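Owing to the predicted nature of the structure, the values given are computational and were not obtained by experimental measurement.
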Amino acid sequence: MTEQDSNVGANFIRNLIDADQQSGKHEGRVATRFPPEPNGYLHIGHVKSICLNFGTAQRYNGTCNLRFDDTNPAKESEEYVNAIKDDVQWLGFEWDALCHASDYFDKLYDYAVDLIKQGKAYVDSSTPEQMREMRGTLTEPGTESPYRNRTVEENLELFEGMKRGDFDEGAHILRAKIDMTSGNINLRDPGLYRILKVPHVRTGETWKIYPMYDFTHSLSDALENITHSLCTLEFEDHRPLYNWVIEQLDTPGNPQQIEFAPLNLEYTLLSKRRLIQLVTNKVVDGWDDPRMPTILGLRRRGYTPAALKDFCERIGITKNDSVIDMAVLETCIRDDLNTNAERRLAVLDPIKLVITSLPEDHAQTLTFQNHPQNEAAGTRPYEFTREVFIEREDFAEVPPPKYQRLVPGGEVRLRGCYVVKCTDIIKNDAGEIVELHCTHDPDTLGKKPEGRKVKGVVHWVSAKHAVPATVRLYDTLFNVTNPAAAESFEDALNPDSVTVMNNAVVEPALAKAEAETRFQFERTGYFVADRIEHSEATPVFNRVVTLRDVWAKK
RNA sequence: UGGGCCGUCGCCAAGUGGUUAAGGCACCGGGUUUUGAUCCCGGCAUUCGUAGGUUCGAAUCCUACCGGCCCAGCCA
């Protein structure tokens with residue numbers, strides 16, 4: 001590592017851990033965890049957290065657990081648990097221990113009893129409304145509950161009754177006894193356990209009460225001997241409570257909570273609630289719609305784990321509220337696919353081009369490179385015949401300035417083939433161009449034409465060999481940089497988020513591609529064979545991202 | 001009006017009292033190119049939210065102010 005590289009990827013969490021290692025805190029051990037609640041699908045914001053937690057563990061030769069924060073059975077399900085595991089594995093990470101907060105329900109209950117015995121927790125029988133009133137406001141202190149000074153015995157008995165299921169939901173709640181006047185609302189006697197008569201995926205009907213986040217999370221971290229508990233900024237206010245819980249109780253570990261800024265991405269919505277709306281309102285086709293920022297959606301779109309990890313490294317970790325430019329994400333996938341995807345030819349909006357200087361039965365097999373910078377990718381045969389398809393937009397009867405493609409009387413190179421000159425434009429009764437006639441220069445195969453420069457190169461597919469395919473062109477789901485700020489997302493939606501090219505034709509090799517294989521369609525972009533719908537009989541490709549195009553920008 | 005946090009180039013982001021204020025993205029040139037791709041070369045903050053102060057020396061320390069984000073679920 002050179003001196004200049006030494007602080008590449010540096011961030012405040014790494015600095016902090018480095019300092020901990022210097023001082024011998026945690027005996028130099030690093031243990032993290034990724035703690036999703038199984039109540040929705042993971043999205044790119046979670047990818048940031050996953051990369052941070054697993055990546056930090058890797059960097060310091062530590063461990064990272066996958067822990068499901070399953071304390072609210074009313075919202076959680078097995079479907080999400082499985083999807084989350086798949087997503088983490090697809091990204092290429094392996095967890096050390098697979099944990100569930102529910103694994104600790106017995107211990108958590110004992111800890112709660114301990115708190116009660118210490119006089120630091122009590123059963124409150126106020127209604128939720130009364131509790132809200134007594135909590136005070138942001139600027140006014142709260143008031144103490146009339147149940148705050150119940151005896152330890154009374155609390156113990158009531159809490160046991162709650163556990164047994166003697167009471168209705170909402171009748172009682174176990175609260176920490178901290179400080180109703182604290183400026184930090186989380187410290188105004190926060191709830192620890194509520195009655196919830198809902199069966200749990202893993203513990204079944206065993207529990208009628210379930211522990212709440214602050215109590216559960218801090219103790220789960222301590223129980224798993226987590227050293228650095230990384231979470232997002234909104235939990236900063238909870239840290240005093242996190243520490244309070246651990247300080248009152250006798251726990252094996254002494255974790256430290258460290259907060260970092262969650263991801264914000266231009267043109268993208270990243271709140272579970274809003275994402276669920278997109279799915280239930282059928283704005284998109286499902287959690288794996290290629291326009292969704294979910295891991296499943298990104299995967300179907302054609303993003304690779306490597307590109308997503310690269311993205312997380314590029315955006316860094318700080319406590320700044322920030323919004324990442326979409327161009328960063330796009331650059332990551334282009335970088336990956338530029339070096340790793342083979343090249344193929346596909347015509348999205350075909351127009352027939354007849355080379356009149358060739359005999360009707362002309363047949364010629366050319367050899368095309370699979371990758372211009374990588375010999376090892378090999379070559380493939382490519383059929384050339386008298387009639388080929390080219391992209392409709394690669395011909396212009398009245399060309400705009402600096403146009404480098406085919407124009408009437410002009411020349412253009414058929415990629416990997418001859419230079420052709422446009423001699424005739426065939427139109428239908430409606431005046432639409434239906435066919436182009438050209439002649440070819442036989443002395444231009446593999447060599448530059450004599451005495452002139454032909455700058456334009458156009459991709460093509462032999463009409464005889466072309467395979468019809470469906471190609472979907474994706475754009476951002478929203479057309480405003482911050483859809484979360486839009487009044488309703490209906491009017492922030494991009495009407496052109498997907499364009500389906502039903503008449504596209506692709507070279508034969510593409511139809512035979514395995515699902516989920518990625519290619520560069522030369523001159524048009526990077527594409528992936530759809531992992532669900534693609535087959536040799538009905539090829540379906542999704543555009544991952546366009547090629548960078550300086551000309552289109554001008 | 002309470003509590004917590006944040007402000008370094010258009011967007012990210014290193015930087016922890018002495019550096020010519022890293023790097024990436026974007027942008028602007030120029031070169032190579034049978035992808036208007038890739039690749040290569042060059043440019044891009046006398047300035048670190050603002051104003052004072054401490055110091056031989058400040059983005060880094062102090063003070064005040066300005067701007068932004070989060071918190072009043074028996075959600076996580």
Could you tell me the separation between the [atom1] atom of [X] and the [atom2] atom of [N], rounded to a whole number of Å?
X: N374(A); N: A37(B); atom1: CG; atom2: P; value: 21 Å
X: E76(A); N: A76(B); atom1: CD; atom2: C1'; value: 8 Å
X: L275(A); N: A76(B); atom1: CG; atom2: C1'; value: 16 Å

Look through every strand shown and name the nucleotide pairing with [N] as Watson-Crick or G-U wobble, where both distances are under 3.5 Å.
N: C69(B); value: G4(B)
N: A64(B); value: U50(B)
N: C9(B); value: none
N: A26(B); value: none
N: A37(B); value: none

Take atom [atom1] in [N] and the same atom in [M], then report the distance between them in whole Å.
N: C6(B); M: G10(B); atom1: P; value: 23 Å
N: A37(B); M: G30(B); atom1: P; value: 13 Å
N: G17(B); M: C61(B); atom1: P; value: 8 Å
N: G4(B); M: A64(B); atom1: P; value: 14 Å
N: G52(B); M: C71(B); atom1: P; value: 36 Å
N: G23(B); M: G15(B); atom1: P; value: 14 Å
N: U19(B); M: C25(B); atom1: P; value: 28 Å
N: G7(B); M: A45(B); atom1: C1'; value: 16 Å

To the side chain of [X], which of [options] is closest?
X: A327(A); options: G15(B), U38(B), A26(B); answer: A26(B)
X: A10(A); options: C25(B), A14(B), A37(B); answer: A14(B)
X: R135(A); options: C11(B), C74(B), C6(B); answer: C74(B)
X: K448(A); options: U34(B), A14(B), C70(B); answer: U34(B)
X: T137(A); options: A14(B), C74(B), A72(B); answer: A72(B)
X: D321(A); options: U35(B), C69(B), A72(B); answer: C69(B)
X: Q404(A); options: U38(B), G36(B), C71(B); answer: G36(B)
X: P372(A); options: C12(B), U35(B), G2(B); answer: U35(B)
X: N72(A); options: U38(B), C75(B), A22(B); answer: C75(B)
X: D69(A); options: G36(B), G10(B), A76(B); answer: A76(B)

Exercise for review: Take N186(A) and G316(A), find for each the nucleotide of RNA chain B with the closest heavy atom, and name the residue whose nucleotide sits nearer the 5' end.
Suggested key: G316(A)
Study note, to complete from the structure: Judged by nearest nucleotide, the residue sitting upstream toward the 5' end of RNA chain B, H371(A) or T71(A), is H371(A)
I'd like to know if [X] reaches the base of [N] with its side chain, counting only an N/O donor and acceptor under 3.5 Å.
X: N320(A); N: G7(B); answer: no
X: E140(A); N: U1(B); answer: no
X: R343(A); N: U35(B); answer: yes
X: R405(A); N: G36(B); answer: yes

[X] vs [Y] aromatic rings, parallel, tilted or perpendicular, using cut-offs 30° and 60°?
X: Y242(A); Y: H217(A); result: tilted
X: F527(A); Y: F521(A); result: parallel
X: H238(A); Y: F235(A); result: perpendicular

Within the structure, does a side-chain N or O atom of [X] lie under 4.0 Å from either OP1 or OP2 of [N]?
X: T524(A); N: U35(B); answer: no
X: R273(A); N: C75(B); answer: no
X: R413(A); N: G36(B); answer: no
X: R194(A); N: A76(B); answer: yes
X: N15(A); N: G15(B); answer: yes
X: T318(A); N: A13(B); answer: yes
X: R132(A); N: C74(B); answer: no
X: R334(A); N: U38(B); answer: no

Revision key, fill the gap. Partner of V347(A) under side-chain contact (heavy atoms from CB on, under 4.5 Å), picked from T524(A), V388(A), V505(A), is V505(A)
Review point. Y213(A) on top of A76(B)'s base, within under 5.5 Å and under 30°?
Key: no
Practice item. Would you sort out whether S126(A) and D124(A) count as a side-chain hydrogen bond (donor to acceptor under 3.5 Å, both in side chains), showing the intermediate values? Key: CA-CA 6 Å; S126(A) 306; D124(A) 195 331; 2.6 Å; yes
**Study point:** Matching residue for W460(A) among F395(A), Y418(A), F384(A), F389(A) - test: ring-ring contact (aromatic ring centres under 6.0 Å, His included)
**Key:** F384(A)
**Study point:** Anti or syn - G30(B), cut at 90° from 0
**Key:**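 G30(B): anti.
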Check your understanding: Do F159(A) and Y109(A) have their ring centres less than 6.0 Å from each other?
Key ->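 Under 6.0 Å, so yes.
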Exercise for review: May I ask you to say whether E391(A) pairs ionically with R405(A), meaning some side-chain N is under 4.0 Å from a carboxylate O?
Suggested key: no
